[in-house]
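Any value given below was found using the heavy atoms of this structure, including those in side chains, with hydrogens, waters and symmetry copies removed.
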Amino acid sequence: MASLSIVLCSCLIIFMAATNTSVQASIHFQVGGSLGWHEPDPNNTEFYSQWAQRNRFQVGDALVFEYQNDSVLRVEKLDYMNCDASNPIIAFDNGKSTFILDRPGDFYFISGTGEHCKNGQRLVVDVIHEHRFTSPPTISLPPQGFPPMASPPDQSFEDSTSASVMITATSVSVLVITFVIVVLLAP
């Protein structure tokens, strides 16, 4: 009987751990894509603004800056706007620098080399929230303006929903396995 109690407690602990699971994933973004961190062409001074707009940054993600004969400075908003490299929050100059986005909000980066910032080598990253996939919400009515079977307007919703369903399915599987083990070990 004591061994059955131990098995039941163990199964309960496993089940509770599995049902409270939240998955955190982080993405490493190569700043500027394959071109890296460099002074943009005079005809493309909005290069880094456009690159940032094409991406969605969340708490826990990382920015990877790759560059040669240059530097990366994290600065305050006013310093970003004025391309002022005199008082950086953090300075990198090793050719490959990784910066972890550790909170929601805006992060400002500029080049510390000559006139590069004024020529467009600067970046604002808007970080939204942590990567969290939790159990899907209870069934509710769709928001007004959407027909009952309309597809969601945001692709990321589909990705997080499928991840949530996968985690929920895993939790249910753990529950079933726990139940089978208890039944098999019962006298």
Side-chain angles (χ1 to χ4, degrees), residues 17-38 40 44-67 70-112 116-118 120-140 142-146 150-168 170-171:
T19 58
N20 287 328
T21 301
S22 66
V23 175
Q24 291 186 358
S26 64
I27 299 172
H28 284 71
F29 290 93
Q30 175 74 35
V31 174
S34 61
L35 298 176
W37 182 245
H38 68 287
N44 196 11
T45 57
E46 294 298 312
F47 176 77
Y48 290 105
S49 296
Q50 293 167 355
W51 177 85
Q53 290 172 357
R54 288 190 307 267
N55 292 291
R56 187 172 186 161
F57 305 98
Q58 298 186 33
V59 173
D61 288 344
L63 299 177
V64 179
F65 294 86
E66 289 191 19
Y67 49 93
D70 208 331
S71 63
V72 180
L73 308 178
R74 178 173 167 229
V75 295
E76 297 291 342
K77 181 178 182 177
L78 188 58
D79 293 334
Y80 169 85
M81 292 169 55
N82 295 319
C83 287
D84 182 357
S86 65
N87 191 26
I89 298 169
I90 298 173
F92 302 103
D93 63 359
N94 63 359
K96 184 173 182 179
S97 307
T98 301
F99 182 82
I100 305 297
L101 302 169
D102 60 356
R103 61 167 176 77
D106 291 336
F107 289 85
Y108 301 91
F109 300 92
I110 64 173
S111 170
H116 288 198
C117 177
K118 290 180 181 175
Q121 191 177 357
R122 58 187 183 167
L123 171 69
V124 178
V125 172
D126 178 25
V127 179
I128 50 177
H129 58 76
E130 291 186 59
H131 287 282
R132 285 220 183 263
F133 301 114
T134 58
S135 299
T138 57
I139 297 174
S140 62
Q144 290 183 351
F146 289 100
S151 60
D154 182 35
Q155 177 67 29
S156 64
F157 174 80
E158 291 176 12
D159 295 341
S160 65
T161 301
S162 62
S164 297
V165 170
M166 188 180 324
I167 291 170
T168 302
T170 302
S171 299

Colleague: Drop me the distance from His116's NE2 to Ser111's OG, to the nearest 0.5 angstrom.
Modeller: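 Reported value, rounded in 0.5 Å steps: 5.5 Å.
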Colleague: If you round to the nearest 0.5 Å, how far is CH2 of Trp37 from OH of Tyr67?
Modeller: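 Taking OH in Tyr67 and CH2 in Trp37, the distance rounds to 10.0 Å.
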Colleague: Side-chain contact, heavy-atom cut-off 4.5 Å: Phe29 with Phe57?
Modeller: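 Phe29 vs Phe57: side chains touch.
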Colleague: With side chains defined as the heavy atoms from C-beta onward, is the minimum distance between Asn44 and Gln50 less than 4.5 Å?
Modeller: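 The answer is yes; the side chains approach within 4.5 Å.
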Colleague: Tell me, do Ile89 and Glu76 make a side-chain contact under 4.5 Å, heavy atoms counted?
Modeller: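 The answer is yes; the side chains approach within 4.5 Å.
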Colleague: At their closest point, which heavy atom of Arg56 faces which heavy atom of Ile128, and how far apart are they?
Modeller: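 Heavy atoms of Arg56 and Ile128 come nearest at NE-CD1, 3.0 Å.
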Colleague: What do the steps show when you test Val64 against Lys96 for side chain to side chain contact (heavy atoms under 4.5 Å, CB included), and what is the final call?
Modeller: CA-CA 7 Å; Val64 179; Lys96 184 173 182 179; 3.8 Å; yes
Colleague: As a quick check of understanding, evaluate side chain to side chain contact (heavy atoms under 4.5 Å, CB included) for His38 and Asp70, giving each step before the final call.
Modeller: CA-CA 8 Å; His38 68 287; Asp70 208 331; 5.7 Å; no
Colleague: Any side-chain heavy atom of Tyr48 sitting closer than 4.5 Å to one from Phe109?
Modeller: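 With C-beta onward as the side chain, the pair stays apart.
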Colleague: Supply the atom-to-atom distance Ile100 CD1 to Phe107 CZ, rounded to the nearest 0.5 angstrom.
Modeller: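 One gets 10.5 Å once the value is rounded to the nearest 0.5 Å.
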Colleague: Go through the steps for Phe99 and Val31 under the test side chain to side chain contact (heavy atoms under 4.5 Å, CB included), then give the verdict.
Modeller: CA-CA 11 Å; Phe99 182 82; Val31 174; over 6 Å; no
Colleague: For the residue pair Pro40 and Gln121, establish whether any side-chain heavy-atom pair is separated by less than 4.5 Å.
Modeller: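 Yes, at least one pair of side-chain atoms sits under 4.5 Å.
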Colleague: Write down the atom of Gly33, the atom of Trp51, and the distance for their closest heavy-atom approach.
Modeller: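 Gly33 and Trp51 have their closest heavy atoms at N-NE1, 3.5 Å.
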Colleague: Work out which heavy atom in Ile110 is nearest to a heavy atom in Cys117; give both atom names and the distance.
Modeller: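 Looking at all heavy atoms of both residues, the shortest contact is CG2-SG, 3.6 Å.
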Colleague: Could you pull out the closest heavy-atom pair between Val59 and Arg103, with the gap in Å?
Modeller: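 Shortest heavy-atom separation between Val59 and Arg103 comes out as CG2-C, 3.5 Å.
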Colleague: Let me confirm one number: the OG-CZ distance from Ser49 to Arg122, rounded to the nearest 0.5 Å.
Modeller: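 If we round to the nearest 0.5 Å, Ser49:OG and Arg122:CZ are 7.5 Å apart.
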Colleague: Between atom CZ of Phe65 and atom CG of Asp93, what is the distance when rounded to the nearest 0.5 Å?
Modeller: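 Answer rounded to 0.5 Å: 13.5 Å.
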Colleague: Could you report the tightest heavy-atom contact between Ala85 and Leu73, atom names first, then the distance?
Modeller: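 Here Ala85 and Leu73 meet closest at CB-CD1, 3.3 Å.
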Colleague: Test side chain to side chain contact (heavy atoms under 4.5 Å, CB included) on Asp79 and Tyr108 and set out the steps.
Modeller: CA-CA 9 Å; Asp79 293 334; Tyr108 301 91; over 6 Å; no
Colleague: Which distance, rounded to the nearest 0.5 Å, do you find between the CG of Leu35 and the CD of Glu66?
Modeller: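 Rounded to the nearest 0.5 Å, the CG-CD separation comes to 11.5 Å.
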Colleague: Which pair of non-hydrogen atoms, one from Ala62 and one from Thr98, has the smallest distance, and what is that distance?
Modeller: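 Between these two residues, the closest heavy atoms are CB-CG2, 3.9 Å.
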Colleague: With distance as the sole test, does Asp61 use its side chain to make a donor-acceptor pair with the main-chain N or O of Ile27 at under 3.5 Å?
Modeller: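 Checking the backbone N and O of Ile27 against the side chain of Asp61, a donor-acceptor pair under 3.5 Å is found.
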